[in-house]
Amino acid sequence: MPELPEVETIVRTVTQRLVGREIRDARFYSTLVLRADPPETAKRLRGRLIEAVRRRGKFIIVELSGGMQLTIHLGMTGKLLWNCAPGVHTRAVWELDCGTLLYDDIRQFGRIEVCEEVPERVARLGPDALLVTEEEFTHLLRNRRGRIKPLLLNQAVLGGLGNIYVDEALFRARMHPLTTAAQLGRERTHRLYAAIQEVLRTAIECGGSSISDYVDADGRAGSFQAHHQVYAREGEPCLRCGAPIRRMVVAQRGTHYCPRCQRSR
DNA sequence: ATCTATTCCTGGCTGC
DNA sequence: TGCAGCCAGGAATAGA
């Protein structure tokens with residue numbers, strides 16, 4: 001499941017290879033992923049130079065000459081692969097002057113957009129979880145009556161966190177997933193902010209988490225799953241106190257926490 | 001504003 | 001071995 005650290009890893013893997021290169025041709029095989037006309041979209045890309053590759057939240061944004069933007073969201077099972085052979089799950093191919101970039105996506109929850117304006121779904125994003133300052137973060141939580149886990153998953157509030165990293169950050173902050181955001185004081189807000197930053201930075205250093213089949217553009221798996229302390233550890237002992245990790249459903253997501261360490265509501 | 005349920009998808013797993 | 005049924009979840013959407 002690609003979240004911020006996985007997307008960041010992919011962007012870092014492909015940036016140097018792509019910037020300055022030309023898109024010679026593009027092909028799209030799925031109108032679930034590309035909700036537009038494939039030949040027309042390919043035509044808009046042909047001959048463009050890649051000026052920059054950026055990440056915003058979980059989006060990959062490829063800036064092209066002439067103000068065109070290629071925006072990719074990996075959904076649940078999307079992958080960008082460099083110089084790989086296409087397979088049954090290949091949904092898009094970009095032929096560059098120096099190699100081939102593939103978009104593979106088993107479940108097709110991912111989306112590809114090509115347009116000159118910032119796509120609506122990118123414009124709606126809150127501040128990036130990796131770049132947000134503690135002051136901004138404090139402000140985001142203020143006057144929120146909702147519970148902390150759904151709030152952190154809300155991309156319009158904070159961009160980039162997904163289910164795994166929210167659970168891991170809440171554990172490290174020793175905060176219960178159902179804690180009301182507005183009732184956090186300065187101390188607990190600081191603890192949560194620090195936990196999010198720590199989890200994201202360590203996960204990026206590890207090249208992300210490979211839970212099901214995530215790999216970066218060179219096919220390398222991440223290793224942060226070895227550092228998971230609660231995610232997918234239901235029934236296993238808490239690494240801090242030994243109590244069995246519990247699982248419940250919050251915001252329709254599997255939510256993993258230690259009932260002893262994460263008591264504060 | 002905030003909540004819940006539903007939809008989109010397919011591979012992998014469970015249980016008969 | 002086969003197969004039905006269920007589960008995983010990011011994000012949009014509808015409705016309460």
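To find a chain, count down the sequence lines: A is the first, B the second, and so on, and within it residues start at 1.
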Notebook entry, point to check: Within this structure, what is the CD-to-C1' distance between A:Gln155 and C:dT13, rounded to whole angstrom?
Noted result: 16 Å
Checklist line | B/S/- contact track for nucleotides 2-9 of chain B, protein heavy atom under 4.0 Å | finding: SSSBB-BB
Next item on the list: Without swapping roles, check the side chain of A:Glu22 against the backbone of A:Arg48 for a donor-acceptor pair under 3.5 Å.
Entry: no
Notebook entry, point to check: Are A:His73 and C:dG10 close enough that a side-chain N or O sits under 4.0 Å from OP1 or OP2?
Noted result: no
Notebook entry, point to check: At under 4.0 Å between heavy atoms, what does A:Arg247 touch on the DNA or RNA strands: base, sugar-phosphate, or nothing?
Noted result: sugar-phosphate
Next item on the list: For A:Tyr231, report the nucleic acid contact type (base, sugar-phosphate, nothing); a contact means any heavy atom under 4.0 Å.
Entry: sugar-phosphate
Next item on the list: Output the single nucleotide from C:dA12, C:dA11, C:dA8 whose closest atom is nearest the side chain of A:Arg124.
Entry: C:dA12
Check: Can a donor-acceptor pair be found between the side chains of A:Thr90 and A:Asp104 at a distance below 3.5 Å?
Finding: yes
Next item on the list: Please work out if A:Gly254 contacts a base, only the sugar-phosphate, or nothing of the nucleic acid, heavy-atom cut-off 4.0 Å.
Entry: sugar-phosphate
Checklist line | Protein-nucleotide distance (A:Met1, atom CE; C:dG10, atom C1'), rounded to Å | finding: 11 Å
Next item on the list: May I ask you to check whether A:His227 and A:Thr202 show a side-chain donor-acceptor distance below 3.5 Å?
Entry: no
Check: Could you state the CD-C1' distance from A:Glu120 to C:dT13, rounded to the nearest angstrom?
Finding: 14 Å
Check: Can A:Glu136 and A:Thr133 be counted as having a side-chain donor-acceptor contact under 3.5 angstrom?
Finding: yes
Check: Between A:Gln108 and A:Ser30, do the side chains contain an N or O donor and an N or O acceptor separated by less than 3.5 Å?
Finding: yes
Margin query: What is the distance, to the nearest angstrom, from the CG atom on A:Asp105 to the P atom on C:dA11?
Written below: 13 Å
Next item on the list: Can you tell me the distance, in whole Å, between the CD atom of A:Glu3 and the C1' atom of C:dA8?
Entry: 13 Å
Check: Taking atom types as modelled and ignoring hydrogens, do the side chains of A:His256 and A:Asp167 form a donor-acceptor contact shorter than 3.5 angstrom?
Finding: yes
Check: Would you say the ring centroid of A:Phe224 lies under 6.0 angstrom from that of A:Tyr165?
Finding: yes
Next item on the list: Find the distance A:Glu234:CD to C:dA8:C1' and express it as a whole number of Å.
Entry: 14 Å
Next item on the list: Report the distance from atom NE2 of A:His89 to atom P of B:dT10, rounded to the nearest whole Å.
Entry: 8 Å
Notebook entry, point to check: A:Leu161 has an atom CG; how far is it from atom P of C:dG10, in whole Å?
Noted result: 11 Å
Checklist line | Below 4.0 Å: OP1/OP2 of C:dC7 and any side-chain N or O of A:Arg253 | finding: no
Margin query: Under 4.0 Å, heavy atoms only, any strand: does A:Met76 hit a base, just the sugar-phosphate, or nothing?
Written below: base
